[in-house]
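Labels below follow one simple rule: chain letters A, B, ... track the order of the sequence lines, proteins then strands, and each chain is numbered from 1. Any value given below was found using the heavy atoms of this structure, including those in side chains, with hydrogens, waters and symmetry copies removed.
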Amino acid sequence: MPGVEGFIYPNELELQWSVLIVLYPFITGLVAGAFILASLERVFNVQAVKPTYRLALLTALAFLLVAPLPLQLHLGHPERSLEMYLTPHTQSAMAMFGFVYLWYLMVVLVLEIWLDYRKDIVVKWRASSGVTRMMYGAMALWSDNISESALRLDDRIGRALTVIGIPSAFLLHGYVGFIFGSIKANPWWSTPLMPIVFLFSAIVSGIACILLLYFVTCWYRRIPVDMPCVDTIAKYLYYAFLVDFSLEMLDLIHRLYESDESFRALDFMVKTRLFTSQIVLQIILGTVVPLAILGVVQLVRFRREVRRVLYVVAGSLTLVGIFAMRWNVVIGGQLFSKSFLGYTSYKMAFATKEGLLPAIVLMVLPFVILWVLIRLLPPWGHETETARIHSRG
Amino acid sequence: MNQDRRSFLGHTGKLLVLTASAAVAWEHILAGRPEDAPNYTARDHWWGMAIDIEKCIGCGTCVRACKTENDVPHEDYMFRTWVERYVVDPADLDHPQVDSRNGGYDGFHEREVLDTRLKMFFVPKLCNHCAHSPCVQVCPVGATFESPDGVVLVDKTYCLGCRYCVQACPYGCRFIDPRTETVDKCSLCYHRITKGLTTACCETCPTGARTLADLKDPKDPIHAFLRDHKVQVLKPQMATGSKMYYNGLDGSVR
């Protein structure tokens with residue numbers, strides 16, 4: 001059979017989960033990571049990252065709105081997906097997706113953003129007219145109470161929500177890892193480390209994404225980059241990345257040392273079919289290089305222009321690396337036969353339901369949504385903040 | 001104003017709850033009744049299969065019978081049952097040579113094994129109808145389920161086509177039927193066994209290598225088979241409670 005090497009069970013020729021399922025953990029990872037960065041400011045009072053707080057929340061929302069779309073598109077019967085809510089099979093890890101998702105979307109993210117923006121929305125409601133006025137009125141739920149005490153209450157609830165939000169973000173992405181990690185039939189996936197590896201890689205990708213988006217917004221608004229802010233974000237990115245890398249290496253070393261029945265098949269796969277995406281893209285370009293850059297920046301005091309370039313390079317490579325990691329988990333986990341005697345291959349189509357084109361559209365869509373959200377709810381509402389931006393490095 | 005909002009939310013909530021339950025009820029009505037089998041009581045049976053590797057000649061009759069009986073797509077990568085041929089060096093169980101061209105549908109071309117140290121045999125495979133099925137566990141809507149008589153079945157009117165069960169099956173027994181966009185697998189010819197018949201594969205096997213077994217029936221020959229042979233299931237380390245009992249299963253078989 002074409003694309004097959006060795007022996008695979010006959011039913012294994014077709015890959016079940018396509019590039020769209022690669023996007024799913026990648027996108028939810030960005031959501032969880034962006035939210036965790038936002039909560040740094042809110043809960044742990046890391047003032048330096050304040051300029052990215054609202055941007056991070058809106059980014060999380062934009063990506064979260066897109067997160068179920070690749071799954072929906074992938075289903076053979078998307079019209080039946082509501083059954084996951086109406087008659088969920090409680091033993092199924094996947095059945096809980098809808099509930100975790102809704103909880104996170106409605107209770108945590110939308111509510112937190114609403115509370116944080118309520119004052120801005122009311123001010124816009126009062127200042128606008130016509131359709132815009134109706135829209136902002138609806139967004140304010142026609143409540144215009146922005147008294148001192150009401151705002152204090154908003155803030156208190158918002159803080160409590162963030163405190164709930166952090167474990168929820170952990171749950172959202174740890175859970176995605178569990179979907180893979182709990183499949184005992186597949187040794188590439190089946191490890192209790194999977195949820196925690198997914199979680200830390202999510203934090204890494206979310207922080208890197210916000211770092212890059214912040215650079216883009218500064219460039220677009222023609223304002224100077226707040227260097228203490230990006231320095232702090234880069235520092236957190238470095239720490240999170242170190243933990244993520246250690247966990248992944250732990251998994252690798254454990255597999256190497258144990259060398260169980262599946263090891264030879266997986267080892268061969270990594271050295272051949274996954275070499276580019278795993279060794280080159282994920283480990284070398286996507287992990288070791290950005291880690292080295294971020295590490296050197298912690299030690300050597302470069303000029304701010306140099307640091308900016310280094311951060312952009314490290315952030316971009318990080319996103320490439322995390323995407324490659326998702327690819328290697330999802331696609332890599334299906335390339336070898338469960339007989340451990342052979343391999344199949346993945347041929348990605350272009351303009352089909354699960355091809356490259358819909359994948360690109362789904363990756364662009366969150367940025368379009370983010371653009372709309374930024375127009376509706378500018379994250380840099382408190383313009384006084386920009387005035388305090390220090391250009392010292 | 002507050003009162004209005006509260007009553008609005010109340011009405012919306014009621015509407016949502018009512019439409020959701022109405023939708024479920026309507027779906028239940030649409031699903032209709034299962035095919036009647038008046039003389040069959042599911043709880044009185046516990047189905048499995050005895051497979052005797054020493055009797056299998058790799059003719060592929062079972063594969064053809066299954067495809068015909070169950071309207072399985074005639075693709076060479078969609079099978080409810082298939083046969084594998086193993087050529088094994090007994091001193092190197094880790095590297096068996098295995099082939100299953102077209103799932104054994106056309107039988108196997110004779111293969112000359114010159115090296116006398118090697119052994120060759122055929123392994124028929126199908127859904128293991130596990131008592132603790134990983135595929136049943138992961139289905140998000142319960143479209144795949146274990147019947148009270150121990151058969152793992154799929155409700156195709158309910159399956160989302162998410163393919164999680166295909167990933168969860170350690171034996172590669174599931175595939176997606178492109179005609180329905182839902183999962184498909186061996187049903188142990190449930191439409192036949194509930195009417196007192198045997199499965200299509202067992203019915204047509206010329207050597208009696210496959211025998212349907214009712215483990216709850218004290219008179220079933222399966223009890224003698226299990227007692228008198230050294231019997232093994234596939235991938236016992238998976239602890240799935242497989243009910244496909246193989247006699248003569250070589251350690252090299254995956």
Side-chain angles (χ1 to χ4, degrees), chain A residues 1 4 6-18 21 71-72 74-98 141-143 179-180 182-187 189-190 260-261 264-265 330 333-334 337-342 344, chain B residues 1-2 5 20-21 23-24 27 75-79 82 84 94-104 125 134-143 145 157-164 166-177 180-183 185 235 237-240 253-254:
Chain A
M1 280 190 271
V4 174
F7 170 74
I8 62 170
Y9 297 134
N11 292 337
E12 285 182 324
L13 179 71
E14 273 195 323
L15 253 69
Q16 302 300 329
W17 286 351
S18 66
I21 307 298
L71 296 184
Q72 195 69 14
H74 159 80
L75 289 182
H77 285 274
E79 78 282 4
R80 294 179 189 164
S81 59
L82 202 62
E83 302 291 359
M84 289 215 320
Y85 290 100
L86 299 177
T87 57
H89 179 225
T90 48
Q91 284 178 19
S92 165
M94 195 181 272
M96 293 302 111
F97 169 75
L141 296 181
W142 294 284
S143 155
I179 284 189
F180 293 96
S182 59
I183 296 296
K184 67 178 167 188
N186 188 321
W189 293 343
S190 177
D260 69 4
E261 57 165 357
R264 209 166 323 146
V330 177
Q334 303 174 83
S337 167
K338 286 171 190 158
S339 68
F340 306 138
L341 294 173
T344 184
Chain B
M1 197 169 185
N2 270 343
R5 194 185 304 156
S21 31
V24 173
E27 193 141 325
E75 302 287 350
D76 61 356
Y77 51 94
M78 292 176 192
F79 295 92
W82 69 97
E84 296 166 5
D94 283 348
H95 299 97
Q97 297 168 45
V98 191
D99 68 320
S100 180
R101 184 182 285 269
N102 197 12
K125 296 234 180 126
C135 56
V136 169
Q137 184 185 30
V138 300
C139 176
V141 292
F145 58 97
T157 63
Y158 216 57
C159 171
L160 305 178
C162 73
R163 306 174 180 225
Y164 201 18
V166 187
Q167 307 286 10
C169 173
Y171 311 100
C173 296
R174 290 175 166 250
F175 61 93
I176 295 290
D177 187 334
T180 57
E181 290 275 354
T182 53
V183 78
K185 63 175 277 297
K235 301 191 180 184
Q237 74 278 13
M238 286 287 152
T240 57
V253 176
R254 323 292 180 88

Steps toward side-chain contact (heavy atoms from CB on, under 4.5 Å) verdict (A:I183, B:V138): CA-CA 9 Å; A:I183 296 296; B:V138 300; 4.0 Å; yes

Within-4.5 Å side-chain heavy-atom neighbours: A:Q16 and B:Y164: no

Please classify the contact between A:E79 and chain B as side chain, backbone, both or neither, with a heavy-atom cut-off of under 4.5 Å. neither

Could you tell me which portion of A:L75 (side chain, backbone, both or neither) has an atom closer than 4.5 angstrom to a non-hydrogen atom of chain B? both

Distance col, row A:K338:NZ vs B:K235:NZ, nearest 0.5 angstrom, shows 7.5 Å

Let's test your reading of the structure: which of A:L71, A:L86, A:I179 forms the most heavy-atom pairs below 4.5 Å with chain B? A:I179

Using heavy-atom distances under 4.5 Å, tell me whether A:L82 contacts chain B through its side chain, its backbone, both, or neither. neither

Value rounded to 0.5 Å, distance of CG in A:N186 from SG in B:C169: 12.0 Å

Non-hydrogen atoms of A:A185 and B:A168 that approach each other most closely: CB-O, 3.3 Å

Are B:R254 and A:F340 close enough that some pair of their side-chain heavy atoms sits under 4.5 Å apart? yes

Portion of B:E75 that has a non-hydrogen atom of chain A nearer than 4.5 angstrom: neither

Okay, A:S337 and chain B: the region with an atom under 4.5 Å from a heavy atom over there is neither

Tell me the closest heavy-atom pair linking A:R264 and B:D94, and the distance in Å. NH2-OD2, 3.5 Å

Say you draw a straight line from NZ of B:K125 to OH of A:Y9; how long is it, rounded to the nearest 0.5 Å? 4.0 Å

Of the non-hydrogen atoms in A:P10 and B:G103, which two are nearest, and what is the gap between them? CG-CA, 4.3 Å

N/O donor-acceptor pair under 3.5 Å between A:H89 side chain and B:F145 backbone: no

Residue from B:C173, B:C159, B:S21, B:G142 scoring the most non-hydrogen pairs under 4.5 Å with chain A is B:C159

A:W17 versus chain B, the contacting section by heavy-atom distance below 4.5 Å: both

Pair count under 4.5 Å, heavy atoms only, with chain A: among B:N102, B:V141, B:T182, B:D99, highest is B:V141

Pick from B:C139, B:S100, B:G172, B:G104: which one has the most heavy-atom pairs with chain A under 4.5 Å? B:C139

Using side-chain heavy atoms (C-beta onward) and a distance below 4.5 Å, is A:R80 in contact with B:Y158? no

Okay, B:R174 and chain A: the region with an atom under 4.5 Å from a heavy atom over there is backbone

For the student: nearest non-hydrogen atoms of B:M78 and A:E14, plus distance: CE-OE1, 4.5 Å

Heavy-atom contact with chain A under 4.5 Å, split by part of B:E84: side chain

Looking only at A:P88, A:A95, A:G333, A:G98, most heavy-atom pairs under 4.5 Å shared with chain B are made by A:A95

Any idea which heavy atoms bring B:P134 and A:K184 closest together, and the distance? CG-CE, 4.2 Å

A:S92 and B:P140 have their tightest heavy-atom pair at OG-CA, 3.3 Å

Quick one: do A:F180 and B:Q167 satisfy side-chain contact (heavy atoms from CB on, under 4.5 Å)? Show the steps, please. CA-CA 9 Å; A:F180 293 96; B:Q167 307 286 10; over 6 Å; no

Can any side-chain N or O of A:N11 pair as donor or acceptor with the backbone N or O of B:F175 at less than 3.5 Å? no

Chain B shares the most heavy-atom pairs under 4.5 Å, among A:Y85, A:W189, A:F97, with A:W189

